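Encoded as structure tokens, the structure appears first; notes follow it.
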Amino acid sequence: MEIKVNPAAPESRKAKPSDEAKLGFGKFFTDHMFTMTYSAKTGWDYAEIGPYRPLCLDPTAMCLHYGQEIFEGMKAYRGKSGEIYLFRPQENIRRMNNSATRLCMPTVDPEVFQEAVTELVLLEKDWIPHGRGTSLYIRPTMIATEAALGVHPSSEYLFFIIVGPVGAYYQEGFNPTKIYVSEEYVRSVRGGTGNCKNAGNYAASLYASQIAMGMGYTQVLWLDAIEKKYVEEVGTSNIFFLIGDELVTPPLEGTILPGVTRDSVIQIARHLGRTVSERRISMDEILRAVEAGTLREVFASGTAAVVSPVGQFYYQGKEHLVNDGKTGALTKQLYEEILSIQCGEQEDPFGWRIKISD
Ligand SMILES: *Cc1c(COP(=O)(O)O)cnc(C)c1O
């Protein structure tokens with residue numbers, strides 16, 4: 001499929017943010033976006049990179065009523081000599097297509113998808129910030145656009161990709177977060193959509209997050225919906241526990257998001273000679289490890305921060321410290337390893353990096 005390019009008029013282009021230290025996350029978007037439309041009759045068509053602009057939707061557009069909306073989050077990184085990399089893009093593409101299938105939405109040809117990401121990033125390459133740990137965030141999204149009420153899969157869709165510069169997560173070094181274990185509200189249940197990046201999951205998570213934040217915590221630690229016993233994930237990240245010499249993360253049983261960072265952490269940790277287990281881990285086991293002094297590190301993993309140390313958690317009315325509230329050595333090491341592969345500073349033994357420009 002050919003991607004038509006319709007450049008934004010020079011006078012409509014935005015000023016690029018001048019201070020990389022103030023980029024933050026999700027605040028700036030570039031001058032162009034990729035769009036492609038689907039109809040049940042003709043399939044995907046009209047692939048185009050055009051000016052970044054508001055969408056025009058009928059008030060009955062089905063995404064607004066029944067939640068057929070899925071998205072992805074990935075990044076493009078700038079290397080030391082200006083070269084540009086994507087990190088495991090096919091993993092995000094495969095995951096988006098899995099989300100699409102689960103939500104009765106059409107899949108996108110993986111090659112067309114990667115081509116669209118690449119062309120858009122290259123067109124906007126001057127927007128990619130330079131500082132270590134900064135990147136161009138890429139947000140592919142699909143929404144149901146058929147104008148009709150009545151619960152059924154939409155016959156029309158819009159797929160779009162927007163990109164924007166994001167800052168380094170750790171400007172003043174790691175700051176371990178405080179997390180709140182939610183015993184009342186759950187994020188997902190087996191058989192549900194917890195392993196998809198669909199909008200509804202995030203809407204459903206807000207209430208518990210608000211409670212956690214009101215109590216001074218940054219994130220919610222989700223437990224399994226049935227026994228409220230096993231750890232699932234934290235906020236919108238996967239979670240890891242270093243207990244003794246075993247690095248433990250919950251298994252992929254349909255209720256948690258199969259994070260690309262999660263998989264990268266597992267592979268790198270094993271490469272570094274660590275024992276990694278994907279197995280169920282209960283709050284009881286974690287409390288026992290705290291008592292025994294064997295809970296050494298806890299961290300979350302996700303595209304936004306790579307890894308994010310947890311310094312404290314709140315469960316059943318009590319606060320528990322992890323590693324005296326400090327960032328652990330393995331957490332730091334994994335962050336460095338992954339970031340330096342992403343931005344081309346070291347060998348890429350796994351073949352994860354894709355160079356899209358010299
Ligand atoms: C996106 C996301 C993750 C992390 O996935 P990555 O591919 O590592 O960015 C974890 N949990 C949830 C709920 C998410 O939405």
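Because only heavy atoms are used, hydrogens play no part in the values below, and waters and symmetry mates are left out as well, while side chains stay in. Numbering of ligands and ligand atoms starts at 1, following listing order. Source: prediction; values computed, not measured.
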Using a plain distance cutoff, I'd like to know if [X] has any nitrogen or oxygen under 3.5 Å from a nitrogen or oxygen of ligand 1.
X	value
Thr303	yes
Glu233	yes
Gly235	no
Ser301	no

Compute the minimum heavy-atom distance from Glu91 to ligand 1 and say whether it is under 4.0 Å.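 No heavy atom of Glu91 comes that close to ligand 1.
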With a 4.0 Å cut-off on heavy atoms, is Ser237 touching ligand 1?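 Contact present.
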Please work out whether the ring planes of [X] and [Y] are parallel, tilted or perpendicular, with thresholds of 30° and 60°.
X	Y	result
Tyr52	Phe29	parallel
Phe87	Trp352	perpendicular
His271	Phe350	perpendicular

Can you sort out which atoms of ligand 1 are near Arg95, meaning under 4.0 Å from one of its heavy atoms?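 By the 4.0 Å cutoff, the relevant atoms are 5 (O), 6 (P), 7 (O).
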Where the closest heavy atom to atom 4 (C) of ligand 1 is concerned, which of Thr236, Asn201, Ile256 has it?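 Looking at heavy atoms only, the winner is Thr236.
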From the candidates Lys75, Lys197, Arg187, the one that places a heavy atom nearest atom 13 (C) of ligand 1: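 Selected option, by shortest heavy-atom distance: Arg187.
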For [atom], what's the nearest protein heavy-atom neighbour? Residue, atom name and distance, please.
atom	answer
atom 15 (O) of ligand 1	Tyr202 OH, 2.4 Å
atom 8 (O) of ligand 1	Thr261 OG1, 2.6 Å
atom 5 (O) of ligand 1	Gly259 CA, 3.4 Å

If you measure from each non-hydrogen atom of Leu257 to ligand 1, which part falls under 4.0 Å: side chain, backbone, both or neither?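 Within the 4.0 Å criterion, Leu257 contacts ligand 1 through side-chain atoms alone.
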Testing the basics here: between Arg94 and Glu91, what is the closest heavy-atom pair and its distance to 0.1 Å?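 Smallest interatomic distance, heavy atoms only, reads NH2-OE2, 3.0 Å.
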Compare every heavy atom of Lys22 with every heavy atom of Lys27, then report the nearest pair and how far apart it is.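 That would be NZ-O, 3.2 Å.
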Would Phe160 and Phe34 count as a ring-ring contact (aromatic ring centres under 6.0 Å, His included) here? Give the steps. CA-CA 5 Å; Phe160 64 86; Phe34 172 84; 9.9 Å; no
A cation-pi test, strictly: NZ or CZ of Lys75 under 6.0 Å from the centre of the six-membered ring of Tyr137 and no more than 45 degrees from its axis. Yes or no?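 No, cation not above the ring by the 6.0 Å, 45° rule.
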Identify which one of Phe113, Phe71, Tyr46 satisfies the ring-ring contact (aromatic ring centres under 6.0 Å, His included) criterion when paired with Phe159.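 Considering Phe113, Phe71, Tyr46, a ring-ring contact (aromatic ring centres under 6.0 Å, His included) with Phe159 is found only for Phe113.
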The test is ring-ring contact (aromatic ring centres under 6.0 Å, His included); show your working for Phe240 and Phe299 and say whether it passes. CA-CA 5 Å; Phe240 287 82; Phe299 62 86; 5.0 Å; yes
